[in-house]
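Here's the structure we're looking at; comments come further down.
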Amino acid sequence: MGSVNRTRRYAIGNWKMNTEFGDAVILAEGIKYGLESIAGVEAVLCPPFVWLYPMVDILKNAPKNLQLGAQNMHWLEKGAYTGEISPLMLKGLVQYVILGHSERRYYFNESDELVNDKVLAALASGMTPVLCVGEKAKRKEDDKNDPVIDQLVGGLKEVSKDQMKKIIIAYEPVWAIGTGDAATGEYAGNVARKIRNKIVQLYGEEIAHNVPILYGGSVTGKNTGEFMDECELDGVLVGGASLKIDEFLEICKQAGEYR
Ligand code: PGA
C-alpha cells in the first residue's frame with residue numbers, strides 16, 4: 001500500500017460532561033491564546049451542548065485552526081424527542097460532531113445502525129463526523145471477532161465515496177479510555193492500518209489514504225508524540241487531558257510538529 005497523505009493533523013478535545021460555565025470560558029480562552037503560536041494542527045474543542053453558543057462568541061477571534069465540535073447528536077431534524085439535540089440545531093455552530101463514542105455505545109445502548117443514522121445525518125447537514133470505533137478488551141491473537149472493523153463497516157453503511165472524503169475515524173480502545181493505560185503507538189498504529197485497509201476495500205486506495213485516523217484513550221502531552229510517530233495516525237482524540245490548558249496545548253504542539 002502506498003503512503004498515507006498526512007495533510008491534516010488533529011487534536012480533538014472531548015470535554016464530556018465536565019466544566020461549569022466559568023471553567024469552560026477559562027479553558028477555551030486559554031487554549032485560544034496558546035494556539036496563536038502553534039501551527040500544523042487543527043484543534044477542535046467539544047464542550048457540552050449548553051456551552052456551544054457562548055463558545056462561538058468567545059472563539060470569534062480565535063486562530064483559524066481552532067474549531068468547535070459537538071459530542072453527540074440525534075439523527076432527525078426535529079420532533080418529539082425530549083432532551084435531544086438535532087443536526088439543524090448544531091449546523092452553523094460546530095464543524096465537527098463526535099459519533100459512536102464508546103460511552104454512547106455502552107451507557108446509552110447506541111447500536112451500529114443508530115450510529116450510522118447519525119453519521120449520515122451529520123454529513124447531510126455539512127458537519128464532519130468523527131466516527132469512534134474500539135474494542136472493549138485487549139484482543140488475543142486467535143480472536144475471530146473484530147469489533148473495530150464491525151463498528152467501522154456498520155457506521156459507514158451507505159456512506160458514498162464523496163461523503164467518505166469528509167469523515168474522520170477515531171480508534172479508541174475502550175480499555176484505554178480514562179484508565180491511564182494508553183495503547184502503545186505501535187499497537188494503535190497497527191489497528192489504524194487495519195482500519196485503513198478496510199477503507200481501501202470499501203472505497204479504494206485514493207480515498208482511504210486521505211481519511212484521517214486518530215487515536216484516543218489516555219492521551220497526554222507525554223505520549224502524543226508516540227502516536228504521531230506512527231504514519232497511519234493523523235492525530236488524537238483527547239478526554240481528560242483536554243480539560244487542562246497547558247496539557248492540551250502541549251498535545252496540540254506535539255500533534256502539529258512535522259514528523
Ligand atoms: P481519555 O478519554 O483521554 O480521558 O482517556 C478519551 C475519550 O474518551 O475520547
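We count ligands from 1, going down the list as the structure has it; atoms in each ligand are counted the same way. What you see below is based on every heavy atom in this structure, not just the backbone, and it leaves out hydrogens, waters and symmetry mates.
Scanning the protein heavy atoms around atom 9 (O) of ligand 1, the nearest turns out to be Glu172 OE2, 2.7 Å. Scanning all protein heavy atoms for the shortest distance to atom 3 (O) of ligand 1 gives Gly239 N, 2.8 Å. The nearest heavy-atom contact from the protein to atom 4 (O) of ligand 1 is Gly240 N, 2.8 Å.
Atoms of ligand 1 lying under 4.0 Å from at least one heavy atom of Leu237, given by number and element, are 9 (O). Those atoms of ligand 1 with a heavy atom of Gly178 less than 4.0 angstrom away are 1 (P), 4 (O), 5 (O). Heavy-atom contacts of Gly217 reach the following atoms of ligand 1: 5 (O) (cutoff under 4.0 Å). Of all the atoms in ligand 1, the ones that sit under 4.0 Å from a non-hydrogen atom of His101 are 7 (C), 8 (O), 9 (O).
Annotation: Lys16 places an N or O atom under 3.5 Å from an N or O atom of ligand 1; distance criterion only.
Heavy atoms of other residues, nucleotides or ligands lying less than 6.0 angstrom from CD of Glu84 number more than 12.
Side-chain contact of Tyr96 with Glu42: a donor-acceptor pair under 3.5 Å is present, judged by distance alone. No side-chain N or O of Thr184 forms a donor-acceptor pair with one of Glu186 less than 3.5 Å apart. Between the side chains of Gln163 and Lys166, no donor-acceptor pair is found at a separation under 3.5 Å.
Shown here are the ring pair (Phe, Tyr, Trp, His ring centres under 6.0 Å) partners of Trp15, two or more places apart in sequence or in another chain: there are none.
The CG atom of Asp146 sits 8.0 Å away from atom CD of Glu135, with the distance rounded to the nearest 0.5 Å.
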